[in-house]
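What follows is a short report on a single structure.
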Amino acid sequence: MSALPRACWAAPLLVLAAPAGAQAPAEIPSVLVTAPAPSLTVPSNEQARVRAWLSPGNNTVVPASEFNDRAGATTLRDVLEFVPGVFTQPKWGEDSRLSIRGSGVARSFHLRGVRLYQDGIPVNQADGSGDFQELDPLTFQRVEVFRGGNAFALGANTLGGAINFVTPTGRDRQGSMVRLEAGSFGLFRGQLAHGVVSGPFDGAISITGARQDGYRRHSGGDSARVNMNLGWRVNDDIETRLFFTYNSIRQDIPGSLTRAAALSNPRQAAAANLALRYARNIESLRIGSRTAVRLGEGGLLEFGGSYVHRRLDHPIFQVIDNRNDDVNLFARVTLDGRLGGLRNRLVTGVNAAMGDVDNRRFVNLSGRRGALTFSAREQATTLDAYVENSLYVLDNLALVTGIAGGQARRESINRLNPALSGSGDWSFANPRLGVMWQATPGLQAYGNVTWSTEPPTLSDLVSLVPLGGFSLLKPQRATTIELGVRGEVGPVNIEAAIWHAWLRNEIQLFQGPTPGSSFARNAGRTLHQGAELAATWRAAQSLVTAQDSVLLRGAYSFSDFRFDGDPTFRDNRLPGVPRHVLRVEARYNHPAGWWVAPNLDYVPEGLFVDNANTTRTNSYALMGLRAGFELPERGISVFVEGRNLLDRRYISSASVTPVATASSALFEPGFGRAVFAGTTFRF
């Protein structure tokens, strides 16, 4: 996290920082620049930060420099641990549980409630579900987090918002790089990357491979990933870029345990997972394009699309075989100019996602397919259009209005029993109001009220048991109010927000027709509210020797999610996310190139795992230490990391259920003590 660059004026959407020491008026940054950007289709990190400040909400840009020197960083938690309001906890292998502001708290598998993008191209399927493992932390140039309605222009009309993972272009990272890592639990990982520029063309490629045995029994896996993009700068005003991503991921699943088993013997696997060889194996191919056209001074047209083919081989209680084909299209126009003598910024666009799933299930014979038990063709379509206008009534004060509208359709055609087929259509209109006040050149205050609508995913609608029938649900709707500040106060960079959301028809888990079963159902009214605070403090310079420094940073999230007068659960807390999460780190940098950074991960109160609030996880404090050194003139860096150094037994993540008992197998043990090391060579 860093303060907003002092921006200057000139061409659309792409902002470059002014020279060090330059002064700027306390006005909301312009989307205009004074020099050509390195890329029209992929703005730089500094440009992305300014764009984030053009929305009246808590948006965070995380540059790769904040996580690339982490050894053993294989999950989203490693990338986003200092982003408040984002709950990312590892389960096993490369899989994590992700929730933003309580989105999808009932979902213990795959993803719902947050839209994931890579280079602006959707990672989710057309119905909104998705898998995290297709994202490679080593590939990113930065990560952009847009909480809630702040993801307006990405077509994310959900409570959680969106996360965009941006890969570098050939213009960002020229030359070659080799990275090697190894460590506990049999982890080995390597990366080859290269970037090149030739006249108007540039290209970047990253190839990674990884293998790990896993902390728990039956939690090993391996992966191979390729990310590539090719750009053509037609002229100063037009650029087009092609993206290519391939993933091959094989991951064993150790399964959830009872609370007692997870804390007494965390390395064990569930007996059923061993007997049936639970696994999640994914192969995916993504091809996309993005084109940017400058429309004179103050205007930019962006458009593109993608095609994704995904194969999921998923032995669990049955063997699930899914083959997905998704097509995504988008277009966006930004106009920054004058209206009635006042500066005015208008953003409008459309998004379209269309997906087709061949969904089949088989009897699980020790991980192999037996008789066919379910076969359906499932289709999802999600269309939306939006417009957002920012009118600058003063140089440092903007009023923001907007609306998004759209339609979604889900359909399941059961080939074995047509009577179990079904379909549903949902339409929505989500207004948005906001205000931004640039108090000083480096400090901004904002507020917004945003409406969101989340249609159900296919897995919400089509039950896994007993027969795979279609159950129609209402869309989840929310009204969220948010107030916050961000920027620089002396030596401290801050990011702080408080928010409150009123939800209707939240998609939650309730008791199913047979003992121990649960299904997605609409709750009545629920409340989500919280606070998000992140700070970075340049605490000291020249402390021990000339030009050394001490940097302190931390992130705190408060999450209070509740039923609101439910007939059964009254005002109980919603399960799945702890109320308090605190992460802090102190980093000492020596001018000779070495650094050391102790850290603490603290959850003072475990999370509930059931709607009845009868059972919760344990509290914990995890101590860690990172260190490394760099020789920039030789292109060499070395880094090591120790995690959970006191070997504390704790529960990292948990599934949720209506009512839990001592025998409920819901708990995922956290990783034990681990040490990882890595090195990079650049040439």
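Just so you know, residue 1 is the first one in the sequence shown, and it goes up from there.
Distance alone, capped at 3.5 Å, places no donor-acceptor pair between the Asn414 side chain and the Pro418 backbone. Remark: the backbone N or O of Phe563 is not paired with any side-chain donor or acceptor of Asp566 at under 3.5 angstrom. With hydrogens and angles ignored, the 3.5 Å screen pairs a side-chain donor or acceptor of Gln268 with a backbone N or O of Asn265. Distance alone, capped at 3.5 Å, places no donor-acceptor pair between the Ser306 side chain and the Gly288 backbone. Remark: the backbone N or O of Ile507 is not paired with any side-chain donor or acceptor of Arg521 at under 3.5 angstrom. Using a distance-only test at 3.5 Å, with no hydrogens or angles considered, no donor-acceptor pair links the side chain of Arg573 to the main chain of Asn611. A donor-acceptor pair under 3.5 Å is absent between the side-chain atoms of Ser289 and the main chain of Gly304, judged by distance alone. A donor-acceptor contact shorter than 3.5 Å links the side chain of Thr158 to the backbone of Gly113.
Take Phe146 and apply the ring-ring contact (aromatic ring centres under 6.0 Å, His included) test, not counting sequence neighbours, and it matches no residue. Applying the ring-ring contact (aromatic ring centres under 6.0 Å, His included) criterion to Tyr386, with sequence neighbours excluded, gives no partner residue. When the salt bridge (charged side-chain N to carboxylate O under 4.0 Å, His left out) test is applied to Arg217, no partner is found at least two apart in sequence or on another chain. Residues that satisfy the side-chain contact (heavy atoms from CB on, under 4.5 Å) test with Asp252, not counting sequence neighbours, are His218, Ala279. With sequence neighbours excluded, the residues satisfying salt bridge (charged side-chain N to carboxylate O under 4.0 Å, His left out) with Asp425 are Arg409. With sequence neighbours excluded, no residue satisfies ring-ring contact (aromatic ring centres under 6.0 Å, His included) with His309. Residues forming a side-chain contact (heavy atoms from CB on, under 4.5 Å) with Asp127 (at least two apart in sequence, or on another chain): Gln125, Ser129, Ala380, Arg410, Thr457, Leu458. In terms of the ring-ring contact (aromatic ring centres under 6.0 Å, His included) criterion, Phe667 has no residue partners (sequence neighbours excluded). Partners of Thr245 according to the side-chain contact (heavy atoms from CB on, under 4.5 Å) rule, which considers only residues two or more places apart in sequence or in another chain, are Gln118, Asn227, Asn247, Arg286. Taking Asn505 as the reference, Lys474, Asn522 meet the side-chain contact (heavy atoms from CB on, under 4.5 Å) condition, with sequence neighbours excluded.
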Is there a side-chain hydrogen bond (donor to acceptor under 3.5 Å, both in side chains) between Asp325 and Tyr307 once you walk through the steps?
CA-CA 7 Å; Asp325 292 282; Tyr307 166 73; 2.4 Å; yes
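No donor-acceptor contact under 3.5 angstrom links the side chains of Arg77 and Thr88, judged on distance only. Looking at Arg360 and Ser375, their side chains never bring a donor and an acceptor atom within 3.5 Å of each other. No hydrogens or angles considered: nothing links the side chains of Asn430 and Ser452 as a donor-acceptor pair under 3.5 Å. Arg280 and Gln251 share no donor-acceptor pair across their side chains, judged by distance under 3.5 Å alone. For the residue pair Thr526/Glu506, the side-chain donor-acceptor check at 3.5 Å is satisfied. No hydrogens or angles considered: nothing links the side chains of Ser284 and Arg310 as a donor-acceptor pair under 3.5 Å. Looking only at atom types and distance, the side chain of Trp451 has a donor-acceptor partner in the side chain of Thr479 under 3.5 Å away.
Considering Arg432, Arg147, Arg101 as possible partners of Glu482, the one that fulfils the salt bridge (Lys or Arg N to Asp or Glu O under 4.0 Å) test is Arg101.
Taking the six-membered ring where the residue is Trp, His528 and Trp499 present tilted rings, their angle falling between 30° and 60°.
Contact check on Glu668 versus Arg216 returns a salt bridge, with a Lys/Arg side-chain nitrogen under 4.0 Å from an Asp/Glu carboxylate oxygen. A salt bridge is absent between Arg311 and Glu283: the closest approach of a Lys/Arg side-chain nitrogen to an acidic carboxylate oxygen does not fall below 4.0 angstrom.
Between the CG atom of Asn328 and the CG atom of Asn124 there is a distance of 9.0 Å, given to the nearest 0.5 Å. Atoms OG and CG, on Ser248 and Asp222 in that order, are 7.0 Å from each other to the nearest 0.5 Å. In this structure, the separation between CZ on Phe428 and OG1 on Thr382 is 7.5 Å, given to the nearest 0.5 Å. With rounding to the nearest 0.5 angstrom, the CD atom of Glu454 is 8.0 Å from the CG atom of Asp460. With rounding to the nearest 0.5 Å, the separation of NZ in Lys91 from CZ in Arg97 is 8.0 Å. The structure places CZ of Phe243 at 6.5 Å from CZ of Arg290, a figure rounded to the nearest 0.5 Å.
Crowding of Arg277 atom CZ: a count of heavy atoms from other residues, nucleotides or ligands under 6.0 Å not exceeding 12.
The salt bridge (charged side-chain N to carboxylate O under 4.0 Å, His left out) analysis of residues 369-386, with sequence neighbours excluded, yields the pairs Asp321-Arg369, Asp356-Arg377. The salt bridge (charged side-chain N to carboxylate O under 4.0 Å, His left out) pairs that include a residue from residues 158-167 number zero, where partners must be two or more places apart or lie in different chains.
For Gly424 against Leu472, the heavy-atom pair with the smallest separation is CA-CD1, 3.7 Å.
Side-chain contact check for Thr657 versus Leu666: some heavy-atom pair is nearer than 4.5 Å. Contact annotation: the side chain of Phe140 approaches that of Leu135 to within less than 4.5 Å [non-hydrogen atoms, C-beta and beyond]. Counting heavy atoms from C-beta outward, Leu607 and Phe87 have side chains that approach closer than 4.5 Å. Looking only at side-chain heavy atoms (C-beta outward), Ser653 and Pro90 stay at 4.5 Å or farther from each other. A 4.5 Å side-chain heavy-atom check between Ile249 and Arg225 finds at least one atom pair inside the cut-off. By the 4.5 Å heavy-atom criterion applied to side chains, Pro669 and Trp92 are not counted as neighbours. By the 4.5 Å heavy-atom criterion applied to side chains, His500 and Thr480 are not counted as neighbours. Counting heavy atoms from C-beta outward, Leu416 and Thr373 have side chains that stay 4.5 Å or more apart.
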